[in-house]
Amino acid sequence: MKLGIFALQGAFIEHEKAFSALGADTAEIRRRAHFSDGLDGIVLPGGESTVQGKLLREEGLLQPVKEAIEAGLPVFGTCAGLILLAKELSNDPNVYFGAMDVTVRRNAYGRQLGSFRAALAFDGVGEYPAVFIRAPYIERVGGGAKALAQVNGYAVAARQGNILATAFHPELTDDLRIHGYFLDMIRGKV
């Protein structure tokens, strides 16, 4: 199995290590030429969504990646990746891929000082030690999307068909179950 991990900015190396530990091959995507048809899935890591969105546009990646997601390519977005995947942002006029029927609030828990850890119940995984850094949350889950985890009444993880997204950073823990869940999605096991 080969995953393309967007290495424009953010915590991409940590995702590479997690997926490698689970036996998946990874390739960094920085330019349009790096985005190939031979990928089984892609990962949009945490970081700064506006910077990532700008770089996706400048590198000519936004439209081809959007089309690949719409065609069924599995995608896993964490934190900024959730923002990039959302159909709507409640506190930002930008829309990037617009692939997941959710409304997301950027920096919902505050700035860097508002970062925290929480044990949460993740459907299909169980109790999970989540790390939130300048995290968004999901204000609305619609259409075919389903909330998979919540904190204080807000969804912080969701799935819609081939799309998995979390407001937190599973790559910053030693717990590989959510990365494994994504691999199982690709294999059609969940």
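The shown structure was predicted, so the numbers you read here are calculated from the model rather than taken from an experiment.
The salt bridge (Lys or Arg N to Asp or Glu O under 4.0 Å) check on Asp184 picks up Arg187, with sequence neighbours excluded. Take Asp101 and apply the side-chain hydrogen bond (donor to acceptor under 3.5 Å, both in side chains) test, not counting sequence neighbours, and it matches Arg140. The side-chain hydrogen bond (donor to acceptor under 3.5 Å, both in side chains) test applied to Arg31 returns Glu59, not counting sequence neighbours. With sequence neighbours excluded, the residues forming a side-chain hydrogen bond (donor to acceptor under 3.5 Å, both in side chains) with Glu67 are Gln63, listed by chain and number. Remark: Asp175 pairs with Arg177 by the side-chain hydrogen bond (donor to acceptor under 3.5 Å, both in side chains) rule, at least two apart or across chains.
One finds the CE atom of Met185 at 6.5 Å from the CG atom of Asn162 (value rounded to the nearest 0.5 Å). Interatomic distance, Leu120 CG to Phe132 CZ, rounded to the nearest 0.5 Å: 5.5 Å. The CD atom of Glu48 lies 7.5 Å from the CD1 atom of Ile83; values are rounded to the nearest 0.5 Å. Note that the NZ atom of Lys54 and the CG atom of Leu8 stand 11.5 Å from one another [nearest 0.5 Å]. Note that CD of Gln52 is 12.5 Å distant from CZ of Arg57, once rounded to the nearest 0.5 Å. Here CZ of Phe35 is found 5.0 Å from CD1 of Ile42. Values are rounded to the nearest 0.5 Å.
The two residues Ala99 and Gln160 have their closest heavy-atom pair at O-NE2, 3.7 Å. The shortest non-hydrogen separation linking Ala108 to Arg105 is CB-O, 3.5 Å. Of all the heavy atoms in Leu82 and Ala165, the pair that sits closest is CD1-CB, 3.6 Å. The two residues Ser49 and Arg106 have their closest heavy-atom pair at OG-NE, 3.3 Å. Annotation for Lys2 and Ala27: closest pair CE-CB, 3.6 Å, computed over non-hydrogen atoms. Residues Asn107 and Arg134 share a closest heavy-atom pair of OD1-O, 3.3 Å.
For the pair Ile29/Phe6, a side-chain contact is recorded, criterion being any heavy-atom separation below 4.5 Å from C-beta on. Contact annotation: the side chain of Leu85 never approaches that of Val102 to less than 4.5 Å [non-hydrogen atoms, C-beta and beyond]. Side-chain contact between Tyr181 and Tyr128 is absent, with no heavy atoms from C-beta onward closer than 4.5 Å. With a 4.5 Å cut-off on side-chain heavy atoms, Leu3 and Ile186 count as touching. Residues Phe97 and Leu62 have side chains in contact (heavy-atom distance under 4.5 Å, counting atoms from C-beta outward).
When hydrophobic clusters are built by joining Ile, Leu, Val, Met, Phe, Trp and Tyr residues whose side-chain heavy atoms come closer than 4.5 Å, directly or via intermediates, Ile178 is not grouped with Leu44. One hydrophobic cluster, built from ILVMFWY side chains closer than 4.5 Å, holds both Leu61 and Ile69. Val65 and Val51 fall within a single hydrophobic cluster, where Ile, Leu, Val, Met, Phe, Trp and Tyr side chains are chained together by heavy-atom contacts under 4.5 Å. Val43 and Leu73 fall into different hydrophobic clusters, where Ile, Leu, Val, Met, Phe, Trp and Tyr residues are linked whenever their side-chain heavy atoms come under 4.5 Å apart, directly or through other members. Each of Phe168 and Ile133 belongs to its own hydrophobic cluster when Ile, Leu, Val, Met, Phe, Trp and Tyr are linked at side-chain heavy-atom distances under 4.5 angstrom.
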(request) Would you sort out whether Leu164 and Leu148 count as a side-chain contact (heavy atoms from CB on, under 4.5 Å), showing the intermediate values? (result) CA-CA 9 Å; Leu164 176 66; Leu148 298 175; 3.6 Å; yes
(request) Evaluate the criterion side-chain contact (heavy atoms from CB on, under 4.5 Å) for residue pair Glu28 and Ile5; output intermediate values, then yes/no. (result) CA-CA 5 Å; Glu28 293 180 2; Ile5 300 179; 5.6 Å; no
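Classification of the Tyr137-Tyr109 ring pair by plane angle, with boundaries at 30° and 60°, yields perpendicular. Ring orientation note: the planes of Phe76 and Phe19 are nearly perpendicular, at an angle over 60° on the 30°/60° scale.
Arg159 has no carboxylate O lying under 4.0 Å from a charged side-chain N of Asp123, or vice versa, which leaves the two without a salt bridge.
Every pair passing side chain to side chain donor-acceptor pair (under 3.5 Å) that includes a residue from residues 15-26 is listed here, sequence neighbours excluded: His15-Thr78, His15-Glu171, His15-His179.
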